[in-house]
Chemist: 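Okay, handing you the structure first.
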Amino acid sequence: MEPLSSPLFASLLAAVSWLVIAALALVPAGNAFFARRLAFPLGALIGLSLASFGLQSIWLHAEQLTLPLGLPDLPFHLRIDPLAGFFLLLLGSVSAGISVYAGGYFRTETAGRLALISLQYHMFLASMAFVILADDAYLFMVAWETMALSSYFLVTTDHERPAIRSAGFLYLLVAHLGAIAILLCFGVMHGGGDYSFDALRGAELTPFWATVAFLLAFFGFGAKAGMIPLHAWLPEAHPAAPSPVSALMSGIMLKTAIYGMVRVIYDLIGGVRWEWGIVVLAIGAGTTLFGVLYALMQHDLKRLLAYHSVENIGIILLGLGMSMVFLGFGHPLAGALGLVAALYHTLNHAVFKALLFLGAGSILHATGLRNLNDMGGLIRTMPKTALYFLIGALAISALPPLNGFVSEWLTFQTALQAPLLEHGVVRSLLPLFAATLALAGALTAMCFVKVYGIAFLGRPREVRHPAHARAEGGGHDAGSMEQYGMAWLAAGCLVLGLFPTSFLLMLNRVGVSLTGQGLSPEALESSWLWLVPTAPERASYSPIIFLLVVLAVVLITIRLVRGFYHGRVRVADPWDCGFPEQTTRMQDTADAFGQPIRHVFGPLYLMKRHLPGPEEANPRYSIKIEDRHWYWLYLPVARLADYASSKVGLLQRGRISIYLLYSFLTLIALLIFVR
Amino acid sequence: MALPLSGQIVNLLAALLLLLAFAMLAQRRVLTLIKLFAWQGAALAVSTAIVAYATGQTHLYFSAGLTVALKVVLIPWLLHRLIDQLQVRWDIETLLNIPTTMLAGIGLAIFAFSLATPISQMASTITRSTLGIALASVLLSFLMMIVRRKAVPQVIGFLSMENGLFFAATSATYGMPLVVELGVALDVLVGTFIFGIFFFHIREQFDSLDIRHMEKLKED
């Protein structure tokens, strides 16, 4: 194929251009003009072109390329196939919006910081592109680690604060644990030959070793994706990072972990077993419920969004798990549907979660607030941000006709294929997992009613908050670059929600390339108007008709109300409950809104509450919800590591003679051993 | 089968090398240690030159010249300057127990020979029988580093270990490629410089070159 017209070559060029931008950010050193004005818009442009190359390659055959780089005898291999193309599309299109936003968001930074942010930001993007393009374990690990390191430096942008340093450390620690598991997984799959993915694909594994490889890949990538019990870094690192970086990490980086999971489990290991699917389903269901329940309890907006990322990773895992169960039992049609649902949700989550994080960033920029309990009435000062945030909130709450609904609906449709299964226990388990998903969806909707109602509606809650004077008086909306970025992603939410059939066909290509089997013929023939996952007589959905009906009902209602009630509006004071001196602090707070859930699911939480006494002059209520995983998993492991290192420390005597003696004895022992 | 004359001379020099290694192990005076080290270098250089003459490996002449320049002239001179500046020229070290150390050394030499016998039977060089000696002198120098308390003798032990390694390379395979040897020689030289700088720092910090003081650096 012609090098210039090949999507692989073009994608490589795009990734390298990101690297070039990263390097250029450092010059000129004095005022970082390039980084301030040009770097981010250019990066967004590259993102868009990368997305188009990815889109193109979904419809083409797989392509390979060997680079004359790397170690001697260990060159870098690149490959683009529909799966990689789909994730490039995700990376490019979502990062384009985030980059535009970042161009406005970071503009006020000082030159030195801005140059570093731009360097790490574009390095991060390029490394993610290389993760997706890699076709050998070596390049994959190099790109993977570059991604972890560059994002670590982005998370610790405000490293002056100890809390952010410790969040960064936790992130780095979990990232490395995951990387070790992935490395071991490649080692297990290695069956002679080199470490190119072709060789790994061809290696014959016994069922035992295939399962070991699956578990290593699942937990290795899961650590990066933020599934329980390895999620603890996520609610720490996302709030610590600047908002566009949180959006990148939550929107895209978590998805590279999903990419890795699909690539290794479906493609490299192959021969998916249904038992694996059950493991994925169980962990996915736990992750979903845990994420949403803890999200409801948060009052830090970014931390809340981070817990929702945990939840959505759980939903993606549910789709993947069902797909693996169906494939393992020999039902490729349903298996492909599950995979399509999972990948669709991956793309959807990337779009709406990035949008929500950007909205949170705009609020933070304009008011300096992160605590929901202090917010309120932001819709008056930030109407544009409020609109975009509303679209994101509706999408994540899985309300039609937006995109979140489509993928969750497809996941449900997969679960409804359960009667196909011969195994009675598994057959009865699937609806249970679907019920988990339904519960999570309802709780998510509740959570975003809370977020939107508390943050944007009502009146500012904390009049004494210094930032509020600014917010109430001359508060400002997001800047124009920030708005463009959010508008792009909000448009993505609408397009993905309104035209699901074209994306379904696209994902079908990915399914075919991975499992050899796509969706049913009826599904593929579904028109642009009606989305049909399996067969038209079973289920179909038309977002456009839905939207039209909703619009019609709303308009007719408005018309009727206007017609009947016009001129009969009476203006009067509302009933004040017999207590005329009302302050804004009497409004419902985020913590108060979550109270019913806290009550129902009480045993799940570890609460530290401060209830004000009746005689306190200045009553303050505070609550801190802690994650139980810290107490049963993380802290014991940390103590164990501490204990082990104290024992190892006994070897260190501080005397050179002793150290020399150690190496001398080792030498002698080795010499005796090799005789 | 009688060895040719060159082989016999090499064997003699090898024995001298081992003897010098033992002498260094037992020597208390810093000044004498440096002299012994220089003699060891000289023995090494002569044996390398003879091997070069006997086998026609011209690059070994370069090695021999390099050994003379570095280990007989330059490094001993550097060490002399160092002990003058550090004022430890007449230092006498109280060793633990010379007979015990010597016994341990003899044990090591026997071990080295038993280890080298199967290897030297595989080698086809005229110097193959000296492999055991080379290994023994490496181990003896290592032992010397372990039992010494002062920094300068430890470094001399380190340098003499390099002598043993060099001899082992010559006896097993007629020496390493010249590039590698040049590199190693440069490393040794640079190492000596760095050690010299460290000595001053150590003394500045602890008012002594006795490395026992460095135990204080350990974290509890």
Chemist: Can you confirm whether more than 12 heavy atoms, excluding those of F76(A), are under 6.0 Å from its CZ atom?
Modeler: yes
Chemist: Check L660(A) against M145(B) and note the closest heavy-atom contact, atom names and distance.
Modeler: CD1-O, 3.5 Å
Chemist: Where on S663(A) is there a heavy atom nearer than 4.5 Å to chain B: the side chain, the backbone, both, or neither?
Modeler: both
Chemist: Taking the side chain as C-beta and beyond, is there a heavy-atom pair between L139(B) and I668(A) under 4.5 Å?
Modeler: yes
Chemist: In terms of heavy-atom pairs under 4.5 Å with chain A, which of L143(B), I146(B), L108(B) leads?
Modeler: I146(B)
Chemist: For R81(B), I'd like to know if atom CZ has over 12 heavy atoms of other residues, nucleotides or ligands within 6.0 Å.
Modeler: no
Chemist: Quick check on L667(A) against chain B: is it the side chain, the backbone, both or neither that has a heavy atom closer than 4.5 Å?
Modeler: side chain
Chemist: Within a radius of less than 6.0 Å around OH of Y634(A), do more than 12 heavy atoms belonging to other residues, nucleotides or ligands occur?
Modeler: yes
Chemist: Looking at every heavy atom in both L671(A) and F111(B), which two are closest together, and how far apart are they?
Modeler: CB-CZ, 4.0 Å
Chemist: Please check if atom CE in M144(B) has more than 12 non-hydrogen atoms from other residues, nucleotides or ligands closer than 6.0 Å.
Modeler: yes
Chemist: More than 12 heavy atoms of other residues, nucleotides or ligands under 6.0 Å from OH of Y662(A): yes or no?
Modeler: yes
